[in-house]
Amino acid sequence: MSVFDDVQIAISSINEKHTGTPRIGVVLGSGLGAFAECVDNATVIPYSEIPGFLTSGVVGHAGNLLLGCVGGVEVAVMSGRVHYYEGHSMQKV
């Protein structure tokens with residue numbers, strides 16, 4: 001299976017849980033987790049529930065995709081992320 005196919009499967013899974021269309025994507029890392037609390041009407045999807053998504057083992061990286069609004073703008077917020085040094089390939093990261 002190709003990376004494109006993996007992404008399409010992940011998108012389908014996310015679309016089953018949330019119907020909006022984010023205009024902005026934000027990736028949070030260490031020290032930025034509190035921003036997730038600013039997302040209004042958030043649909044929270046743990047990375048573990050998204051096919052093909054990896055989960056981070058780094059403290060402070062929640063491992064959730066939040067879909068909602070900030071300041072009236074639809075956003076997709078990755079609360080935490082995986083890292084190359086965690087043993088993942090660059091393609092997966």
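One is the number of the first residue; the rest follow in order along the sequence.
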A.B. asks: Determine whether L67 and V75 make a side-chain contact, defined as any pair of heavy atoms from C-beta on separated by less than 4.5 Å.
C.D. replies: no
A.B. asks: How about I50 and I45: do any of their side-chain heavy atoms sit closer than 4.5 Å?
C.D. replies: yes
A.B. asks: In Å, rounded to the nearest 0.5 Å, how long is the span from CG of L65 to OG of S79?
C.D. replies: 9.5 Å
A.B. asks: According to a hydrophobic-cluster definition based on side-chain heavy atoms being under 4.5 Å apart (Ile, Leu, Val, Met, Phe, Trp, Tyr only), do V27 and V39 belong together?
C.D. replies: no
A.B. asks: Apply the test side-chain contact (heavy atoms from CB on, under 4.5 Å) to residues V70 and D40: give CA-CA distance (whole Å), side-chain angles for both, the deciding distance (0.1 Å), then the verdict.
C.D. replies: CA-CA 6 Å; V70 174; D40 296 324; over 6 Å; no
A.B. asks: Which heavy-atom pair separates E49 from S13 by the least distance, and what is that distance?
C.D. replies: O-OG, 3.6 Å
A.B. asks: List the atom of F53, the atom of A10, and the distance in Å for their closest heavy-atom pair.
C.D. replies: CE1-CB, 4.3 Å
A.B. asks: Should T43 and L66 count as side-chain neighbours, where that means a heavy-atom distance under 4.5 Å?
C.D. replies: no
A.B. asks: Strictly by modelled atom types, are S2 and D5 linked by a side-chain donor-acceptor pair under 3.5 Å?
C.D. replies: yes
A.B. asks: With T21, which residues qualify under side-chain contact (heavy atoms from CB on, under 4.5 Å), at least two apart?
C.D. replies: none
A.B. asks: According to a hydrophobic-cluster definition based on side-chain heavy atoms being under 4.5 Å apart (Ile, Leu, Val, Met, Phe, Trp, Tyr only), do M78 and I14 belong together?
C.D. replies: yes
A.B. asks: Might you point out which heavy atoms bring P46 and N64 nearest each other, and give the distance in Å?
C.D. replies: CA-OD1, 3.3 Å
A.B. asks: According to a hydrophobic-cluster definition based on side-chain heavy atoms being under 4.5 Å apart (Ile, Leu, Val, Met, Phe, Trp, Tyr only), do F4 and I9 belong together?
C.D. replies: no
A.B. asks: Is any side-chain heavy atom of L28 closer than 4.5 Å to a side-chain heavy atom of V77?
C.D. replies: yes
